[in-house]
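Note on naming: letters A, B, ... go to the chains in the order of the sequence lines (proteins, then strands), and numbering restarts at 1 for each one. Below, each value reflects all heavy atoms present in this structure, side chains not excepted, and no hydrogens, waters or symmetry copies. The shown structure was predicted, so the numbers you read here are calculated from the model rather than taken from an experiment.
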Number of protein chains: 4
Amino acid sequence: MKNEIQERIEFFQRSQQSRGRLLINCPDQPGIVTAVSQFLFEQGANIIESSQYSTDPKGGTFFMRIEFDCPELSLKEEILKNNFLPIAEKFIMKWKFTFVYDVKKTAIFVSKELHCLRELLWEWQSGDLMAEVALVISNHEDARETVEALGIPFYYIQANKENRAEAESKQLQLLEEYAIDVVVLARYMQILTPEFVSAHPISIINIHHSFLPAFVGARPYERAYQRGVKLIGATSHYVTNELDEGPIIEQDIMRVDHRDQIESLKKIGRSIERSVLARAVKWHLEDRIIVHGNKTIVFS
Amino acid sequence: MKNEIQERIEFFQRSQQSRGRLLINCPDQPGIVTAVSQFLFEQGANIIESSQYSTDPKGGTFFMRIEFDCPELSLKEEILKNNFLPIAEKFIMKWKFTFVYDVKKTAIFVSKELHCLRELLWEWQSGDLMAEVALVISNHEDARETVEALGIPFYYIQANKENRAEAESKQLQLLEEYAIDVVVLARYMQILTPEFVSAHPISIINIHHSFLPAFVGARPYERAYQRGVKLIGATSHYVTNELDEGPIIEQDIMRVDHRDQIESLKKIGRSIERSVLARAVKWHLEDRIIVHGNKTIVFS
Amino acid sequence: MKNEIQERIEFFQRSQQSRGRLLINCPDQPGIVTAVSQFLFEQGANIIESSQYSTDPKGGTFFMRIEFDCPELSLKEEILKNNFLPIAEKFIMKWKFTFVYDVKKTAIFVSKELHCLRELLWEWQSGDLMAEVALVISNHEDARETVEALGIPFYYIQANKENRAEAESKQLQLLEEYAIDVVVLARYMQILTPEFVSAHPISIINIHHSFLPAFVGARPYERAYQRGVKLIGATSHYVTNELDEGPIIEQDIMRVDHRDQIESLKKIGRSIERSVLARAVKWHLEDRIIVHGNKTIVFS
Amino acid sequence: MKNEIQERIEFFQRSQQSRGRLLINCPDQPGIVTAVSQFLFEQGANIIESSQYSTDPKGGTFFMRIEFDCPELSLKEEILKNNFLPIAEKFIMKWKFTFVYDVKKTAIFVSKELHCLRELLWEWQSGDLMAEVALVISNHEDARETVEALGIPFYYIQANKENRAEAESKQLQLLEEYAIDVVVLARYMQILTPEFVSAHPISIINIHHSFLPAFVGARPYERAYQRGVKLIGATSHYVTNELDEGPIIEQDIMRVDHRDQIESLKKIGRSIERSVLARAVKWHLEDRIIVHGNKTIVFS
């Protein structure tokens with residue numbers, strides 16, 4: 001199985017040798033689009049997809065995502081970046097080139113509930129999630145069989161309130177060892193310390209099982225039941241040091257009614273969690289998200 | 001216009017002379033459905049629609065709504081109630097007969113934003129909301145023209161933090177004078193005192209412009225914008241003395257994205273508010289809602 | 001894996017020894033609910049859930065589904081049926097008792113696309129689909145590994161236009177051998193003959209990859225793309241001899257736009273197909289569906 | 001009322017004196033974005049919003065919509081167009097500049113059902129639909145009161161199968177007299193002849209009361225009821241000479257169930273029709289729609 005998936009990733013990489021992306025974030029002013037598109041044209045790149053947004057044309061912030069095709073891109077990475085410097089400086093840009101063949105190395109954290117993990121692995125197997133799932137880390141053994149059956153390394157690391165520092169130290173070591181780009185918390189039921197979070201800024205994606213900001217914190221379905229809501233939801237967000245307060249990437253809801261007891265809310269909720277997290281991870285892998293303050297611009 | 005609507009209400013009343021409803025709420029135990037349906041059968045009533053729900057068949061609470069047809073019902077109202085007493089006592093029921101031809105007298109409270117009022121009046125004109133809209137009360141003059149054009153009495157009562165007691169005293173007097181059954185707060189931007197609320201328990205319906213319990217209180221769209229949510233919503237609930245904490249009747253949401261500024265959120269929100277409030281009011285008028293603790297059972 | 005699931009089914013059966021359902025369908029007239037609830041009460045059964053619907057209280061058809069709890073039900077099955085006969089005759093009922101511990105034996109048919117099969121197996125593993133998945137039949141080998149890994153017998157039966165009679169004869173033999181109650185076509189891309197269909201009336205559930213009646217027949221996503229629709233959908237229905245014309249059980253849609261090419265429509269569609277088919281199968285297993293003419297009453 | 005709305009339109013026009021849009025449609029090739037953005041920059045225009053789409057970067061069709069701000073635009077209209085000619089020719093473009101202060105003159109056609117007309121007028125009154133509603137034409141008198149109360153000219157023109165040519169001749173004369181840009185069929189229940197349609201290509205917007213291509217033609221709710229669908233919908237599309245086959249602009253659906261009789265389907269449907277048509281008209285007024293073959297690209 002692993003080999004088959006590995007082959008598909010390699011095929012994908014070969015087929016995407018000329019595909020890159022440019023993400024920009026700068027004060028809005030006339031001439032940005034012209035300068036950037038002129039630049040890409042001169043480098044021999046053809047724009048495939050372009051999205052832009054400005055918080056306010058007069059004095060606001062301008063965001064752009066361009067996906068482009070450029071022959072022999074892998075040989076030109078550094079040239080491209082160097083040539084772009086003058087434009088970036090002129091417009092005071094935060095900017096980033098990414099290269100589609102650099103498939104992002106991904107770690108998935110999970111606890112006992114496996115539905116989000118399974119959805120991600122499923123999408124990954126079917127080629128809809130173009131990542132390298134490098135390892136899975138869990139504080140329980142429940143996921144081992146599923147994970148190892150796909151040839152993915154599985155690491156059990158005991159984690160609880162008492163041993164947090166020790167657990168995170170082991171986890172961080174593994175993330176470094178595997179050169180991880182993005183961490184997905186697929187219903188990982190432990191709180192991360194500020195040290196952990198700051199080691200991976202804007203690249204830890206969580207799924208919270210409520211439509212935030214309702215029901216921040218623990219046991220949201222129980223509290224949704226108590227409150228008698230008619231909708232339940234899930235929210236995927238980047239992790240920051242404020243619990244459940246990070247930039248929201250995606251949310252969705254489903255309708256419930258008085259007949260739904262807590263178990264039923266959880267069951268319905270699982271299906272929302274699965275799809276919301278999968279969409280958020282996909283957008284992240286495709287560099288469709290720009291974080292600005294505590295919000296996201298999603299060029300979906 | 002008024003005459004035409006009045007005619008329609010009268011036609012409706014005549015056509016519904018035999019239609020009644022029975023709402024029940026009691027400890028669950030075997031035999032309730034049998035006893036109630038047997039009773040209705042013996043009274044010559046035919047069950048048209050029946051809904052039931054039990055929080056737990058073993059020791060839970062049982063809820064039932066029955067809509068029935070009974071010839072010459074208006075002559076039998078008291079007999080029906082008297083005959084039902086033994087059953088009600090046996091099963092320790094909270095119960096209520098309502099008669100569809102007793103069209104509920106409704107007061108609408110509104111401030112400056114008229115979209116919810118307009119939706120209600122529209123549905124009312126087209127016969128989808130079977131109420132008698134007896135009067136509209138506002139702390140602004142904006143709605144007067146729309147309301148009076150339909151022949152509905154409009155009362156301007158100044159209301160703000162300073163004169164709350166005085167304003168409510170005038171409002172309560174009008175509600176009594178018109179023998180009001182249900183008060184709809186159609187974006188009425190004043191907080192009601194416990195005295196007002198306790199004078200109309202479980203018959204004041206509010207629309208809050210967020211998916212509660214997110215953004216309780218003032219300026220929810222502004223706060224939704226600050227938080228960067230990807231969904232905005234509205235919630236209709238019965239008013240209690242806890243601000244925005246009353247039993248939720250209905251909620252709905254719409255998708256927004258990073259391009260939606262506060263004005264855009266409000267615009268999108270207005271369309272959710274309109275439909276959510278209209279559904280909640282309709283269910284109340286049709287006696288489809290049973291309040292249990294701080295939750296609603298809605299037999300929609 | 002198989003043993004674990006087998007254990008769960010057996011546990012479920014033991015825990016449901018007293019749970020039964022009664023489905024009724026008869027001309028509407030006063031007294032039905034009374035008679036039926038009286039009957040159940042006398043048999044010592046407690047009504048857990050009851051749903052009813054009448055096409056028209058005056059001369060229409062009445063439908064009822066009752067779920068009840070009756071101690072030692074498995075010993076009383078025949079008594080119950082016999083005792084009910086006079087009521088059934090009096091009201092000219094079509095009726096059926098089912099017993100929740102009689103877990104339905106299910107066959108899944110699949111071709112090359114496995115997403116619907118996987119969803120069903122997943123829900124089944126997690127206990128959300130209370131069936132005995134007795135076997136999987138396919139005209140391709142793609143599903144074998146997934147199916148056999150769960151300990152479920154997998155049968156490859158070549159099937160195409162040329163050998164239809166022969167293929168169906170083998171399939172029918174297997175269905176008989178395994179005493180199958182319900183057949184689920186989880187993207188099985190062969191048309192069934194009238195002989196096959198009539199051998200399993202109202203117990204073959206199909207998923208069609210469009211919001212019927214749009215795009216009846218082959219290649220619906222291609223045709224949706226050509227037509228430029230803004231929504232794509234899926235429909236689960238009982239199979240009859242009219243292609244894609246059987247009683248609809250459930251439908252759902254998702255929004256698409258001009259950027260979605262055919263591959264993208266298929267990918268989005270797969271997620272709709274999965275959830276629509278899973279819901280339809282679940283309702284069938286829970287005896288929540290009554291077929292009336294070419295429509296379904298779903299007491300969900 | 002009219003004066004107030006007229007004032008708002010004039011205020012809007014004054015506030016939008018520098019706002020224009022450019023719509024492009026041409027064979028895809030490298031350099032288009034660069035050339036266009038360079039051009040706008042040189043004309044002193046600042047890009048406010050830009051959307052683009054290519055059916056295929058290699059040999060496909062490229063679409064772009066740019067909204068820009070250009071001081072003293074109304075004085076530069078012709079210069080802009082002239083200066084753009086060389087670019088347009090080089091890339092073989094279909095192209096169009098529009099100027100936001102040229103508020104589109106709109107005619108609404110309606111028959112007896114007024115819900116779509118009311119929704120449009122409401123959105124128009126509240127400033128959400130920036131059009132000049134120049135006149136309303138109907139083959140019934142039902143809408144007169146509503147329309148004239150807003151100060152809009154109302155024309156009754158008898159129209160049926162027998163007098164189609166005569167009726168359309170009067171209608172076309174009025175459209176010419178009022179210099180109409182766009183015709184909205186807000187549940188106008190007459191079929192238009194090819195002559196009428198060809199007089200206003202891609203500027204007649206219809207609302208069809210089904211999710212096309214299901215239930216093309218007459219009485220869709222009746223047929224939806226017969227088929228037993230679980231979703232009903234509405235479709236807004238440009239009118240062509242093929243009945244209900246024109247390019248789809250927008251669609252939406254709502255869930256229904258076995259309890260919904262035809263009247264109920266119509267009621268639910270009305271609310272979908274209202275919002276779907278309003279969205280389609282808004283996108284058209286904002287030049288967000290490009291028609292390509294029989295499909296629409298909607299840059300919403």
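- Scanning residues 18-46 of chain B against chain C with a 4.5 Å heavy-atom cutoff picks out Gln29(B), Pro30(B), Gly31(B), Val33(B), Thr34(B), Ser37(B), Gln38(B), Phe41(B), Asn46(B), ordered by number.
- Heavy-atom neighbours of Lys81(B) NZ from other residues, nucleotides or ligands within 6.0 Å: above the threshold of 12.
- In Phe11(C), the CZ atom is not crowded: 12 or fewer heavy atoms of neighbouring residues, nucleotides or ligands sit closer than 6.0 Å.
- Put simply, CD on Gln52(B) and CD1 on Ile48(C) are 10.0 Å apart, with the number rounded to the nearest 0.5 Å.
- Looking at Ser51(B), neither its backbone nor its side chain comes within 4.5 Å of chain C, counting heavy atoms on both sides.
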